[in-house]
Amino acid sequence: MTDATNGQPDVIDERLMLGTGFTEDERPEIVERFVPLGKRLRSYSGDSVELRLSVKNRGGAEQGVTLECLLPHAEPLVATSSQPDMPAALTEVRDDLIHQLDKLKTRRDPRHDRPHRP
C-alpha cells in the first residue's frame with residue numbers, strides 16, 4: 001500500500017505484524033489509527049522497521065495490548081496499555097511509541113550534545 005500524501009510505501013501497513021488476539025480483518029482499522037506513527041517512522045528504511053502488535057486476555061478485565069518496534073542500531077521499543085477499551089488501548093500504545101521515537105531521535109541528534117547557550 002502507498003501513502004497518498006507523498007507516494008511512499010506505507011511503513012505501517014507493510015511492516016506491522018498482527019500477533020495474538022488480532023485478526024487480519026482488523027488490519028485496515030489498526031493501520032488507519034497508526035498513521036501518525038507511520039509519519040515518525042519515515043526517516044527509517046522501510047525494510048529495517050519491524051512492528052508487532054499483540055493482545056493478551058482480549059476483552060477481559062486484565063486486557064494488555066503490546067506494540068513492539070524494532071529499529072536498526074537501537075534497543076527494542078515497547079509500548080503497553082491495559083485500557084479495557086480496544087480503540088483507547090491502540091491509541092495509548094501508538095502515542096507512547098511516538099513519544100519513545102521522539103526521545104530516541106533527540107538522543108541521536110548531534111545538536112543534543114552541544115552546551116546550551118543563554
Side-chain angles (χ1 to χ4, degrees):
M1 182 176 275
T2 302
D3 182 359
T5 58
N6 61 9
Q8 291 182 331
D10 183 7
V11 145
I12 300 295
D13 194 36
E14 289 183 359
R15 306 305 296 176
L16 179 65
M17 293 182 283
L18 297 179
T20 307
F22 291 101
T23 65
E24 283 299 315
D25 294 343
E26 296 172 293
R27 177 177 286 281
E29 181 182 332
I30 293 168
V31 168
E32 182 66 30
R33 187 169 300 275
F34 285 0
V35 164
L37 176 59
K39 293 176 182 177
R40 293 299 198 296
L41 293 171
R42 283 189 187 141
S43 60
Y44 297 94
S45 169
D47 59 350
S48 68
V49 175
E50 285 186 42
L51 294 168
R52 297 180 192 143
L53 181 66
S54 61
V55 62
K56 291 185 180 177
N57 301 322
R58 185 167 185 167
E62 295 183 19
Q63 172 175 283
V65 176
T66 302
L67 178 60
E68 296 175 80
C69 179
L70 303 174
L71 300 169
H73 312 293
E75 293 290 321
L77 303 176
V78 179
T80 60
S81 174
S82 58
Q83 291 279 340
D85 178 55
M86 184 56 72
L90 292 172
T91 300
E92 185 174 23
V93 294
R94 177 201 69 199
D95 292 347
D96 185 15
L97 193 56
I98 288 172
H99 177 72
Q100 290 180 48
L101 286 165
D102 288 346
K103 283 176 57 176
L104 179 64
K105 183 177 180 182
T106 300
R107 283 195 311 258
R108 288 183 171 184
D109 187 348
R111 294 174 289 176
H112 180 68
D113 292 337
R114 294 184 185 159
H116 176 66
R117 291 186 183 179

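Atom CG of Asp10 is separated from atom CD of Glu32 by 9.5 Å, given to the nearest 0.5 angstrom. Taking CG of Asp96 as the reference point, atom CG of Leu77 lies at 9.5 Å (rounded to 0.5 Å). If you take CD on Glu14 and CG on Asp47, they are separated by 9.5 Å, rounding to the nearest 0.5 Å. Atom-to-atom distance recorded for Thr20:OG1 and Asn57:CG is 11.0 Å, nearest 0.5 angstrom. The distance from atom CZ of Arg42 to atom CD1 of Ile12, rounded to the nearest 0.5 Å, is 10.0 Å. Between the CZ atom in Arg33 and the CZ atom in Arg94 there is a gap of 7.0 Å [rounded to 0.5 Å].
Using a 4.5 Å heavy-atom threshold, the side chains of Leu97 and Phe34 count as separate. Using a 4.5 Å cut-off on side-chain heavy atoms (C-beta onward), Cys69 and Leu71 make contact. Contact of the Gln83 side chain with the Gln63 side chain is not registered, since no non-hydrogen atoms from C-beta on lie closer than 4.5 Å. Using a 4.5 Å heavy-atom cutoff, the side chains of Leu101 and Leu37 are in contact. Residues Leu18 and Arg27 are in side-chain contact: their nearest non-hydrogen atoms beyond the backbone lie under 4.5 Å apart. Annotation: side chain of Leu70 is not in contact with side chain of Leu51 (no heavy-atom distance under 4.5 Å). Considering only heavy atoms from C-beta on, Ser82 stays 4.5 Å or farther from Glu62 through its side chain. Taking 4.5 Å as the limit, some side-chain heavy atom of Val78 sits within range of a side-chain heavy atom of Thr66.
Side-chain atoms of Arg52 do not come within 3.5 Å of backbone N or O of Met17 as any donor-acceptor pair. The closest donor-acceptor contact from the side chain of Asp85 to the backbone of Ala88 lies under 3.5 Å.
In plain terms, the two heavy atoms of Met86 and Val55 that are nearest each other are CE-CG2, 4.0 Å. Pro72 and Tyr44 make their closest contact through CD-CD2, 4.4 Å (heavy atoms, listed as atom of the first residue, atom of the second, distance). The heavy-atom pair separating Ala74 from Leu104 by the smallest distance is CB-CD2, 4.1 Å.
Residue Glu26 qualifies as enclosed at atom CD: its count of foreign heavy atoms under 6.0 Å is above 12.
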